[in-house]
Amino acid sequence: MQQFDMFINGQAVQSDSTFDVINPATAKVFAQCQLGNASHVEQAVSAAKAAFPAWSQTTDEQRKQLLHEVAGAIEANMPELMQLVTMETGKPMGGLNGVGSGMEVGGSIAWTQFTAELQLPVDVIQDNEVARIEVNRKPLGVVASITPWNWPLMIAIWHVIPALRAGNTVVMKPASFTPVSTLRFVQLASEILPPGVINIITGPGSVGGLITGHPDVSKVAFTGSTPTGKRIMESASGNLTRCTLELGGNDAGIVLPDVNVKEMAPKLFAACFHNNGQTCAALKRLYVHESQYEEMGQELAELAKNVVVGDGLEEGTELGPVQNEAQLNIVQDLADSARADGGRFLSGGKRIDREGYFFEPTIVADLTDGHRLVDEEPFGPIVPMIKYSDIDEVIERANRNECGLGGSIWSSDLDKAAALAQRLECGSAWVNDHGALQPDAPFGGIKQSGMGVEFGLYGLEEFTSIQTLKVVK
Ligand code: NDP
């Protein structure tokens, strides 16, 4: 059984008790982690606070260099990190459309390298004989990073690397379902970065709350559910701590009647089912025009029946299990409600009879807005295919949802599709794609999907405050 320690001030730290980490492909414990407590929070925040003055004074070049070394350490340990990601999340090493732990670790390297190279510009507002006014970006101090279980390593990187690049120090708390790849990453980073610059505590959500509500924390980066995001904002409000919140999504994808069904179906299937639907910006409400509804349903059902579901460690697996039993129960409950609402199951609908938390890839036709499977985010391998006849009406229906993370239009008429995509109420809109993220393009939600953006210069700026400097001549 592998044991993983916390890291505070560059040192491995143990607690007096541990908790188990389960491999969802077997439902068996494969690792144990430390159950952190309030005293570990105090130690970690004070280590990060003490490290901040020196770290924030390092030059851009020094921080760039060190972050490239961190990227190199991830790369050098890629096979081990991939295995840890697969064992804790269940996702395949390769996966449907290449979405698996290889992409998660590879993406972590790419994001680190790209973000290391970003440079915060100085904005000169005025420079004449009277005065020079410039706007500088300064690091905030200690950043708290709270991460979920669906992309544990990648999302930790998304929080931590821009925070460090901008000159902040960090205290992290990963999801209790999936802490191990993040712990291994911090161990590697601790061998490169000065003590106290990166710290990690494991333990329950309440430990996360102690970090986000701590008066010495200047910024919270959170990815996870909308209810927890709201609790975090409440805990941060006492100190007016800034928050970036990347929360749940229930993204609509609208297929216009001009598509080639056979060509589009595999792309739509991958957009819905990659990572088993456990991605914030996966396509979760699929609107198909009535003229192509039955044909599209048949194509998607065929793909669902043939996709290879299994243990992510086995070669050729395209979809793994649902990450945890509670989430599996949510998926089963939504499938049951879809059945009760008159949904027509084109594929799947039930748990797979084997060890682990497996669920059949499920596509349900004949539901509409107002049914639970359409209105609620399932975060698992089940997708409603919804019929529409009028484009203006379907845009309005897509926007009626309380979430606003992503959305997509699928069409052979790119101009028309781009114009329609801009009418979707969401932070990211795609044409003929969905959930495609990259390190230089900002990503974030509106409405109940959160606030603030990540990635690129826009994302980096969120880890800074503005200081306006006026020099009178
Ligand atoms: P949660 O929001 O419950 O947990 C996310 C992280 O927050 C975990 O590290 C958790 O710790 C921590 N946490 C829990 N309570 C607190 C608190 N009061 N203060 C600070 N930190 C806290 O999400 P889950 O991981 O359970 O996922 C549930 C739902 O979230 C999914 O069904 C999905 O809808 C949504 N989700 C959205 C994601 C996105 O990218 N937008 C990603 C993942 C999930 P611990 O694990 O110890 O409880």
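For ligands, and for the atoms within them, numbers begin at 1 and follow the listed sequence. No hydrogens, no waters, no symmetry mates; every other heavy atom, side chains included, goes into these values. This chain uses plain numbering: 1 for the first residue, then up along the sequence.
Remark: ligand 1 atoms within the under-4.0 Å shell around heavy atoms of Gln327 are 31 (C), 32 (O). Of all atoms in ligand 1, numbered sequentially from 1 with element shown, those under 4.0 Å from a heavy atom of Thr223 are 39 (C), 40 (O). Counting atoms of ligand 1 from 1 in the listed order, those under 4.0 Å from a heavy atom of Gly203 are 47 (O). For ligand 1, the atoms closer than 4.0 angstrom to any heavy atom of Pro174 are 9 (O). In summary, the atoms of ligand 1 found under 4.0 Å from a heavy atom of Pro204, numbered by their order in the structure, are 47 (O). Close approach to Ile232 involves these atoms of ligand 1, each under 4.0 Å from a residue heavy atom: 19 (N), 20 (C), 21 (N).
Closest to atom 5 (C) of ligand 1, if we only count protein heavy atoms, is Phe222 CE1, 3.8 Å. Summary of contacts: the protein heavy atom closest to atom 12 (C) of ligand 1 is Ile146 CG2, 3.6 Å. Regarding atom 40 (O) of ligand 1, its nearest protein heavy-atom neighbour is Cys280 CB, 2.9 Å. The closest protein non-hydrogen atom to atom 15 (N) of ligand 1 is Thr228 CG2, 3.5 Å. In terms of protein heavy atoms, atom 9 (O) of ligand 1 is closest to Thr147 O, 2.8 Å. Counting only heavy atoms of the protein, atom 46 (O) of ligand 1 lies nearest to Ser176 N, 2.9 Å. Annotation: atom 34 (O) of ligand 1 to nearest protein heavy atom, Glu377 OE1, 2.5 Å.
With Phe463 as the aromatic partner, Lys219 meets the cation-pi criteria of under 6.0 angstrom to the ring centre and within 45 degrees of the ring axis. Remark: Arg397 is not positioned above the aromatic ring of Tyr388, lacking an NZ or CZ atom under 6.0 angstrom from the ring centre and at most 45 degrees off the axis.
Taking a 4.0 Å cut-off on heavy atoms, Trp151 fails to register as neighbouring ligand 1. Every heavy atom of Gly450 sits 4.0 Å or more from the atoms of ligand 1.
For a threshold of 3.5 Å applied to N or O pairs, the pair formed by Trp149 and ligand 1 contains at least one separation below that value.
Ionic pairing of Glu234 and Lys230 is not present here: no N-O contact between side-chain nitrogen and carboxylate oxygen is shorter than 4.0 angstrom. Look at Lys28 and Glu355 and you find a salt bridge, because one of the NZ, NE, NH1 or NH2 atoms lies within 4.0 Å of a carboxylate O, short of that distance. Of the charged side-chain nitrogens involved, none lies within less than 4.0 Å of a carboxylate oxygen, so that Lys267 and Asp433 do not count as a salt-bridged pair.
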Requested in this report: Would you sort out whether Lys284 and Asp251 count as a salt bridge (charged side-chain N to carboxylate O under 4.0 Å, His left out), showing the intermediate values?
Outcome: CA-CA 5 Å; Lys284 292 170 184 148; Asp251 292 7; 5.9 Å; no
**Report entry** Chi angles and distances behind the salt bridge (charged side-chain N to carboxylate O under 4.0 Å, His left out) call for Lys350, Glu360
**Finding:** CA-CA 6 Å; Lys350 59 180 194 313; Glu360 295 170 336; 2.9 Å; yes
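Under 4.0 Å from ligand 1, the heavy atoms of Leu247 that appear belong solely to its backbone. Contact annotation for Leu405 and ligand 1: no heavy atom of the residue comes within less than 4.0 Å of the ligand. Here Glu246 has heavy atoms under 4.0 Å from ligand 1 in both its backbone and its side chain.
A perpendicular orientation is assigned to the rings of Phe379 and Trp149, their planes being inclined by more than 60° (bins at 30° and 60°). The aromatic rings of Trp151 and His274 sit tilted, their planes meeting at an angle between 30° and 60°. Classified by interplanar angle (parallel below 30°, tilted 30° to 60°, perpendicular above 60°), the ring pair Trp111/Trp158 is tilted.
For atom 25 (O) of ligand 1, the nearest protein heavy atom lies closer than 4.0 Å.
Taking the side chain as every heavy atom from C-beta outward, Lys387 and Tyr287 never approach each other to under 4.5 Å. Side-chain contact between Val142 and Val170 is absent, with no heavy atoms from C-beta onward closer than 4.5 Å. With contacts defined as side-chain heavy-atom distances shorter than 4.5 Å, the pair Leu96/Val307 qualifies.
Comparing Ala282, Ser225, Pro378, Pro227 by heavy-atom distance to atom 35 (C) of ligand 1, the nearest is Ser225. Which of Gly445, Ser449, Gly209 comes nearest to atom 19 (N) of ligand 1 through a heavy atom is settled by distance: it is Gly209. Scanning Pro148, Gly205, Gly224 for the heavy atom closest to atom 36 (N) of ligand 1 points to Gly224. Residue nearest to atom 18 (N) of ligand 1, selected from Lys173, Lys230, Arg231, Glu376: Arg231 (by heavy-atom distance).
Interatomic distance, Glu88 CD to Gln83 CD, rounded to the nearest 0.5 Å: 11.5 Å.
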